[in-house]
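Below is one structure, written out as structure tokens, with a few remarks after it.
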Amino acid sequence: MSSYTPTYPHQPLGGLLKGKRALIAGVANDRSIAWAIAEAFHAEGAELAFTYPGEAMGKRVIPVVEQLEPAAILDCDVASDASIDNAFAQLKKKWESFDILIHSIAYTPREALDGRFTEVTTREAFRISLDVSAYSLIGLTRAARPLMSKGGSVACLSYIGGEKVVPNYNVAGVAKAALEASMRYLAEDLGPDNIRVNAISAGPLKTLAAAGIKGMRTMLGENAEKTPLRRNIGHEDVARAALYLCSDLAKNVTGEVLHVDSGQNIMGVVSMR
Ligand code: NAD
């Protein structure tokens with residue numbers, strides 16, 4: 001489309017994903033990590049399809065993703081098996097097979113993201129957070145597998161809160177731990193199908209989902225000072241990591257958590273510096 005101007009311009013690498021088809025789940029707006037990934041994949045020659053959860057989100061998402069002239073834009077609420085089944089039935093009408101699945105989805109009820117973990121982690125908040133943020137990787141991958149008949153690559157988005165304690169991230173961190181463990185079990189299970197499954201653990205980025213986390217602004221400030229590289233990451237850094245993991249460059253990489261966080265995850269104590 002001639003009026004399209006990239007939000008996250010990508011220095012082309014020569015058609016790394018030419019001939020590949022990628023289904024991208026998790027664009028909410030042009031600040032979404034999934035959007036940066038979509039733009040880079042598009043620039044590298046991939047054909048794209050997108051999902052959004054429900055009609056109300058669709059009104060916001062469709063005008064954004066249409067810019068990349070996708071093969072399909074599908075309603076898919078990952079909290080519902082019927083919605084997943086329906087989305088993949090629709091996708092099958094467009095694509096007889098595809099190569100890449102991006103899972104860039106998380107949700108935790110806001111009241112569980114502020115306050116003492118013991119007090120705010122209700123059974124219901126735990127259920128919703130783990131279902132939407134972690135189980136959904138299994139649900140989507142199960143639905144994708146029959147269409148990944150030529151092999152493929154699945155990548156999901158994680159965060160350091162799944163490995164170490166991040167105050168206020170609370171049960172969202174527990175969900176990331178479950179996401180990363182699910183990723184490894186999927187990688188082992190789908191290896192014989194030549195389907196690779198990996199995670200990118202990204203540093204903090206200003207997005208809609210991140211806005212719900214108390215202390216995000218402080219975290220961005222601290223990262224710029226306290227990570228080994230002394231700077232924050234950008235959306236385009238995550239997009240490039242996804243390009244690597246989903247292209248043939250990573251053909252023997254599976255079950256991996258690739259940290260794109262200026263080195264934050266290697267630090268134990270930073271207060272002595
Ligand atoms: P975002 O709000 O743009 O994306 C979150 C997406 O999850 C949205 O598109 C939303 O529609 C989708 N979603 C929520 N519930 C859903 C449901 N029931 N069915 C289908 N989709 C649903 O925010 P983002 O920061 O781009 O988040 C993308 C991923 O990156 C998440 O997994 C998030 O945890 C992860 N992540 C974000 C950061 C950060 O700092 N922003 C850091 C590390 C990891």
Side-chain angles (χ1 to χ4, degrees), residues 7-8 23-39 50-62 64-65 73-84 86-87 101-110 113 127-137 139-140 143 155-164 166 168-180 182-183 199-213 215-220 222-223 232-239 241-242 257-262 264-265:
T7 318
Y8 305 103
L23 176 63
I24 299 190
V27 176
N29 54 38
D30 66 3
R31 293 283 133 196
S32 294
I33 293 172
W35 177 242
I37 294 172
E39 289 196 307
F50 293 91
T51 67
Y52 60 88
E55 211 177 305
M57 277 299 286
K59 283 192 183 127
R60 288 199 268 153
V61 173
I62 292 168
V64 177
V65 301
I73 308 173
L74 308 158
D75 189 344
C76 180
D77 178 349
V78 297
S80 154
D81 286 338
S83 181
I84 295 175
N86 184 50
L101 171 66
I102 298 294
H103 174 289
S104 189
I105 290 172
Y107 177 74
T108 295
R110 191 176 267 262
L113 292 169
R127 186 191 65 74
I128 294 171
S129 184
L130 273 279
D131 183 19
V132 175
S133 313
Y135 176 77
S136 59
L137 178 68
L140 285 182
C156 62
L157 269 298
S158 194
Y159 180 58
I160 189 69
E163 299 170 55
K164 305 271 168 66
V166 175
N168 293 315
Y169 198 59
N170 293 349
V171 72
V174 179
K176 288 306 189 198
L179 178 75
E180 291 183 15
S182 303
M183 177 278 291
I200 299 168
S201 184
L205 286 166
K206 279 187 197 158
T207 63
L208 196 62
I213 298 155
M216 183 70 189
R217 193 186 291 261
T218 318
M219 208 149 48
L220 281 166
E222 294 217 330
N223 252 37
N232 287 314
I233 67 155
H235 284 64
E236 62 287 354
D237 297 314
V238 183
V257 179
L258 176 55
H259 292 87
V260 181
D261 62 356
S262 301
Q264 179 188 10
N265 72 95

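For ligands, and for the atoms within them, numbers begin at 1 and follow the listed sequence.
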Do K176 and S201 touch side chain to side chain, with heavy atoms closer than 4.5 Å?
no
So, for D261 and I233, which heavy atoms are closest and what is the spacing to 0.1 Å?
CA-CG2, 3.8 Å
Angle between ring planes, F50 versus W35, binned at 30° and 60°: parallel, tilted or perpendicular?
tilted
What are the atom names and distances for all N or O pairs under 3.5 Å between ligand 1 and the protein?
| unit_1 | atom_1 | unit_2 | atom_2 | d |
| --- | --- | --- | --- | --- |
| ligand 1 | 2 (O) | A209 | N | 3.0 |
| ligand 1 | 3 (O) | S32 | OG | 2.5 |
| ligand 1 | 9 (O) | G26 | O | 2.9 |
| ligand 1 | 9 (O) | A28 | N | 3.3 |
| ligand 1 | 18 (N) | D77 | OD1 | 2.8 |
| ligand 1 | 19 (N) | V78 | N | 3.0 |
| ligand 1 | 23 (O) | T207 | OG1 | 3.2 |
| ligand 1 | 25 (O) | T207 | OG1 | 2.5 |
| ligand 1 | 26 (O) | I33 | N | 2.9 |
| ligand 1 | 32 (O) | I105 | O | 3.2 |
| ligand 1 | 32 (O) | K176 | NZ | 2.9 |
| ligand 1 | 34 (O) | K176 | NZ | 2.8 |
| ligand 1 | 40 (O) | L205 | N | 2.7 |
| ligand 1 | 40 (O) | L205 | O | 3.3 |
| ligand 1 | 41 (N) | L205 | O | 3.0 |
| ligand 1 | 41 (N) | T207 | OG1 | 3.2 |

Rounded to the nearest 0.5 Å, what separation is found between the CD1 atom of I37 and the OG atom of S32?
10.0 Å
I'd like to know if the side chain of D77 reaches the main chain of S83, judged simply by a donor and an acceptor atom lying under 3.5 Å from each other, with no hydrogens or angles considered.
no
Rounded to the nearest 0.5 Å, what's the gap from OG1 on T108 to CD1 on I213? Could you check?
8.0 Å
